[in-house]
Amino acid sequence: MANYCIMRVKKRRTGEAAAMARHALRQENVHNADPSRRGLNEILIGARTVESVMATLRHKLPPKRRRDAVTCLEFFIGASPEAVAAMSKEQQQAYFERALAWVGWRFGGIENIVSAVVHRDETSAHLQVLTVPLLNGRLNAKQLVGNRQHLQAHQDSFAEVVGASHGLRRGVRGSKAKHTSIRQFYGAIQAAGSAEALPPRMPVPEVPRELPFWATTEQRTARDAALKRRDEALASNRRRQSEIERLARLALATHGRASRRSPDPEAARTQTERAEALLASQRTEFNARANRLSQLQKSLDAAAQNLKEIEHVRSGLLKEIEALNPELTRDLGLDSKISQNPAEI
């Protein structure tokens, strides 16, 4: 089963942000969404109307900015359809909430997020986030998002901080695969005249939680049946997904949409292994530096303690000298030094 975590980010201007808000809040027709399931969508952050979301966004914008400035970052947070379908609603909720916290931590603060909506009325549940790219009170999407290397670092961080805790992994590093919209994807299949051959998508039923030991035989039988129906639905959907991918490859190759040479899997695997080795070496170097810093801190603490002990002994000696011969103490000027710090003498 594919178990990839998915995070995409796009820069948006104010007009585009309004369109994304209309899409997120379903104030426009969404072709691939099921209207009967719209009640399952959930707003995690933000208002329920586009007008209120845009008012919040404009309120956060600095008064001085370029006319063509990027005023919004749009995030798509999801996972492989099979992995999402295998999650319970509580597990999905925990995944999306952790992803939302990561967006805030990585991109200027969670207080800059103006809208976050979980969509469960489409093929696979996912989270859409709109946030204002503020850094030190100024719009700075360029620095927050960065270049290609920074985007790869964002993907690494998301997989490590969010995906790994839910059994999800990062996609192949350096892959040449491109995201294709649902309209483009099914359009390619339709162009091949094979859309009618697709098996229907099976709805994945909810499975009751683990039953207590005192559960009745009827309850256990019902849960086993629900588990069986879920497994059958997942297996059917996996077969459907494989058929879709096969038809899409055939359609794209036949109609010249993507007759490019596919990347070498061995080369991609080698590149991934090199990146993982580099990351491991950097982590080892970081740990070594942290250990050295810890040792230096201990040495400094020990030196400070020794200095305190020396100061204590010195003060005692000066007091003994003053007690034995006060006149000599005054002649040598030691009486004024008793109250001074060693650094002042």
Side-chain angles (χ1 to χ4, degrees), residues 4-10 12 14-57 60 72-104 107 110-132 158 162-163 166 168 179-186 200-209 226 230 233-234 237 240-241:
Y4 294 109
C5 56
I6 301 172
M7 186 280 296
R8 295 196 297 270
V9 57
K10 288 186 178 181
R12 302 290 189 185
T14 305
E16 296 173 315
M20 293 302 101
R22 285 194 296 272
H23 173 87
L25 298 173
R26 298 306 193 239
Q27 293 189 11
E28 65 176 16
N29 185 27
V30 181
H31 297 288
N32 54 304
D34 183 357
S36 65
R37 300 174 58 195
R38 189 162 297 175
L40 300 176
N41 295 346
E42 183 178 1
I43 298 176
L44 302 183
I45 292 179
R48 295 184 174 274
T49 64
V50 175
E51 293 75 14
S52 298
V53 169
M54 295 307 299
T56 304
L57 185 146
K60 292 181 180 293
C72 180
L73 297 178
E74 180 203 2
F75 290 86
F76 175 95
I77 307 293
S80 300
E82 297 89 345
V84 174
M87 293 181 184
S88 65
K89 187 175 180 180
E90 291 76 14
Q91 290 172 329
Q92 292 179 8
Q93 190 77 5
Y95 174 64
F96 293 138
E97 289 179 352
R98 189 174 182 86
L100 190 60
W102 177 87
V103 170
F107 292 89
I110 200 166
E111 66 276 5
N112 295 328
I113 296 175
V114 297
S115 177
V117 183
V118 177
H119 293 147
R120 292 192 173 92
D121 58 348
E122 297 185 42
T123 304
S124 181
H126 59 272
L127 171 67
Q128 182 180 353
V129 181
L130 300 177
T131 183
V132 181
F158 182 80
V162 182
H166 291 81
L168 304 174
H179 171 65
T180 303
S181 70
I182 292 179
R183 182 178 299 177
Q184 293 170 333
F185 191 72
Y186 283 100
R201 181 175 182 83
M202 296 284 291
V204 180
E206 291 285 340
V207 177
R209 295 183 179 180
R230 186 196 68 175
L234 289 175
N237 290 340
R240 180 179 187 272
Q241 187 66 27

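Atom set for the values below is all heavy atoms of this structure, side chains included, hydrogens, waters and symmetry mates excluded.
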Identify the heavy atoms of [X] and [Y] that sit nearest to each other, and give their distance.
| X | Y | value |
| --- | --- | --- |
| Q91 | M87 | OE1-CA, 3.2 Å |
| V50 | Q27 | CG2-OE1, 3.2 Å |
| H119 | A24 | NE2-O, 2.8 Å |
| S124 | P81 | OG-CA, 3.8 Å |
| A79 | V84 | CB-CG2, 3.6 Å |

Once you round to the nearest 0.5 Å, how far does [atom1] of [X] lie from [atom2] of [Y]?
| X | Y | atom1 | atom2 | answer |
| --- | --- | --- | --- | --- |
| I110 | L100 | CD1 | CG | 4.5 Å |
| L25 | I43 | CG | CD1 | 5.5 Å |
| Q93 | L127 | CD | CG | 9.5 Å |
| H23 | L130 | NE2 | CG | 10.0 Å |
| R26 | N41 | CZ | CG | 5.5 Å |
| N112 | T56 | CG | OG1 | 12.0 Å |

* To do: Check for a donor-acceptor pair, side chain of E74 on one end and backbone N or O of Q128 on the other, with a separation under 3.5 Å.
  => no

* Between S80 (side chain) and A83 (backbone), is there a donor-acceptor pair under 3.5 Å? -> no

* Among F75, Y95, F76, which one satisfies ring pair (Phe, Tyr, Trp, His ring centres under 6.0 Å) with H126? ->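 With H126 as partner, ring pair (Phe, Tyr, Trp, His ring centres under 6.0 Å) holds for just one option, F76.
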
* Give the intermediate values and the outcome of side-chain contact (heavy atoms from CB on, under 4.5 Å) for residues L40 and D121. => CA-CA 7 Å; L40 300 176; D121 58 348; over 6 Å; no

* Structure fact -> salt bridge (charged side-chain N to carboxylate O under 4.0 Å, His left out) filter on R37, not counting sequence neighbours, yields none

* Residue list, salt bridge (charged side-chain N to carboxylate O under 4.0 Å, His left out) with E42, at least two apart or on another chain ->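 Residues passing salt bridge (charged side-chain N to carboxylate O under 4.0 Å, His left out) with E42: R120.
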
* Please tell me if the side chains of V162 and I77 come closer than 4.5 Å, counting only heavy atoms from C-beta onward. =>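 Not touching, per the 4.5 Å side-chain cut-off.
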
* To do: Check whether any side-chain heavy atom of C72 sits under 4.5 Å from a side-chain heavy atom of L57, and report yes or no.
  => yes

* Qualifying salt bridge (Lys or Arg N to Asp or Glu O under 4.0 Å) pairs with a residue from residues 87-98, counting only residues at least two apart or across chains -> E90-R209

